[in-house]
Amino acid sequence: MKAENKDRLLLRGGTVVDPQKQTTRRADVLVVGGCIEKVETSIPAAEGTEVLDCRGKHIAPGFVDMHCHLREPGREDEETIASGTAAALAGGFTRVCPMPNTEPAVDTEAQVRYQTRRAVEAGFARVHPVGCCTKARHGKELAEIGSMVEAGAVAFSDDGSPVSDAQVMRRVLEYCKAFDVPVISHCEVRELVEGYANEGRVSTRLGLKAGPDVAESAQAARDVLLAEFTRARLHIAHVSARATVDIVRWAKARGVQVTAETCPHYFTLTEDALASFDANYKVNPPLRSGDDRRAVVAGLADGTIDVIATDHAPHLKGEKDAEFDAAPPGIIGFETAFSLGYEKLVLGRVLSLADYVARLTVVPRRILNLPAAAVTAGSEAELVVLDLKAEWKYEPSGVLSLSRNSPFLGSTMRGRVSAVLLGERLFRL
Ligand SMILES: [Zn+2]
Ligand SMILES: [Zn+2]
């Protein structure tokens, strides 16, 4: 990825995607001093203006990944804020929200400020930290939610672990409601989970430690009811199971303030991939059945699932090389998310291109109270240039993340991010 500063840049000949209005139109975009000055059908290049040829390409607002793991502080051997935010930019994400399960966990104002500052120093994607619900993610005592909001935390979660105690979850929801920030629930009834294969026919045949889908859906049911009771905002992380989709749909119909996300692996893969015993298919929640996968796709199609997030979770090769039951769950996802969704959802006629882009831009911004995404005159330049005709091979040598734990390595992908413009900074891939 090459980065250059551009004072006057004309993106010429592209098609602008407006995810807010759900439209696309041919237009040139002139960016001066990091701000969008004009968006018009045809803009002549004045002297001193550099031109980026966007013919045949699409221009959209920068993507927001509301669920990822950057591993800093604590596991800088797996990922750093600098390497992670560079990988995020390569995937079109101009803003990312790291989960607080670092070492130590992000449960204070100082920790939130530290992560934000590290991202500014790195100069890649912007970071909006998610703070812990409870101190050290132990699920007992509430973390300093108010001061973390002041420091810039945009949501609260004990991700990696559930908030198992219902009374603690109720208090977290009440606190977050007072600050108008969402609580992100990692739904997992731990008592039901022995391992990270989906409990059923496949886990039995392969002899893998497993957990059933009800471990996810039972907690989703509890949490939407607590959100209704407290009138707080709840966001369900990484939906993988049909029953969870059904619960979110039911809760929305009741008027509960609930939103949900899924990740590309849940709408592209199933538990059948576990036959390879490759731990790069081990994620939490686990890959589930074809029926669950279809329900996740249907949930995206009808808007029950609002957002696509990556749950980018870097792990070292040595750890992932362990046998399946012993390896840590999680896969990297920044650099493949757009392409996987484009192929499965847009080319697969589940979502229009503008609707797909909205799930990566408008919707997460709305949930997190971030400024709206727009390719309009007067806004700061925060743009991705997409080459939808590109076919490319996802190779280890091209990965910007410090870790390589992806089951998609070696796959041919369709559609890719070809450039990102963040203020005056142009990143070319
Ligand atoms: Zn999680
Ligand atoms: Zn996560």
Side-chain angles (χ1 to χ4, degrees), residues 64-72 74-75 78-79 81 84 87-88 91 93 96-103 105-107 115 127-134 137-139 153-164 169 172 182-190 192-193 195-198 211 213 215-220 222-223 234-241 244 248 258-266 280-288 296 305 307-315 319-320 327-334 336-337 364 367-368 401 403 405-407:
V64 177
D65 185 5
M66 67 181 291
H67 187 150
C68 66
H69 299 270
L70 297 180
R71 304 295 186 222
E72 183 177 349
R75 287 305 306 268
E78 293 181 329
E79 195 79 284
I81 288 175
F93 295 98
V96 297
C97 303
M99 287 293 167
N101 62 337
T102 46
E103 298 166 17
V106 178
D107 61 0
Q115 287 196 318
V127 161
H128 301 283
V130 176
C132 287
C133 294
T134 65
R137 296 168 55 248
H138 287 162
V154 291
F156 291 84
S157 181
D158 277 357
D159 187 52
S161 309
V163 177
S164 297
M169 187 62 169
V172 169
V183 178
I184 303 178
S185 178
H186 166 110
C187 294
E188 180 182 0
V189 178
R190 278 276 160 90
L192 292 167
V193 174
Y196 295 110
N198 182 42
D213 62 347
E216 175 182 303
S217 56
Q219 181 148 6
R222 184 202 76 172
D223 286 352
L234 175 74
H235 179 79
I236 306 285
H238 40 54
V239 172
S240 71
T244 312
V248 174
V258 60
T259 52
E261 77 194 20
T262 192
C263 315
H265 38 283
Y266 299 118
N280 284 328
Y281 291 104
K282 181 174 179 179
V283 285
N284 180 18
L287 299 176
R288 300 204 193 268
V296 167
I305 299 177
V307 165
I308 296 160
T310 66
D311 202 1
H312 176 88
H315 288 293
E319 297 172 316
K320 276 293 200 183
I331 59 176
I332 55 171
F334 288 142
T336 49
I367 295 168
L368 300 167
S401 171
S403 293
N405 52 309
S406 168

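First listed ligand is number 1; within each ligand, the first listed atom is number 1. The figures that follow rest on heavy atoms only: side chains count, while hydrogens, waters and symmetry mates do not. The first residue in the sequence is number 1, and the count goes up from there. Bear in mind the structure is a predicted one, so any value in this text is a computation, not a measurement.
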Short question: side chain of [X], backbone of [Y] - any donor-acceptor pair under 3.5 Å?
X      : Y      : result
Asp223 : His186 : no
Glu261 : His238 : yes
Arg222 : Ser164 : yes

Report task. Check Asp311 and report its N/O/S atom nearest to the Zn ion (ligand 2), by atom name. Result -> OD1

Query raised in the report: Is the shortest heavy-atom distance from the side chain of Pro98 to the side chain of Val127 under 4.5 Å?
Result: yes

**Report entry** Identified side-chain contact (heavy atoms from CB on, under 4.5 Å) partner of Ser185 from the options Val258, Leu234, Val163, Val172
**Finding:** Leu234

Requested in this report: Output the atom name for the N/O/S atom of His186 with the smallest distance to the Zn ion (ligand 1).
Outcome: ND1

Query raised in the report: Is the distance from the Zn ion (ligand 2) to the nearest N/O/S atom of His67 under 2.8 Å?
Result: yes

Query raised in the report: Near the Zn ion (ligand 2), is there an N/O/S atom from His238 that is less than 2.8 Å away?
Result: no

Report task. Check whether any N, O or S atom of Asp159 sits under 2.8 Å from the Zn ion (ligand 1). Result -> yes

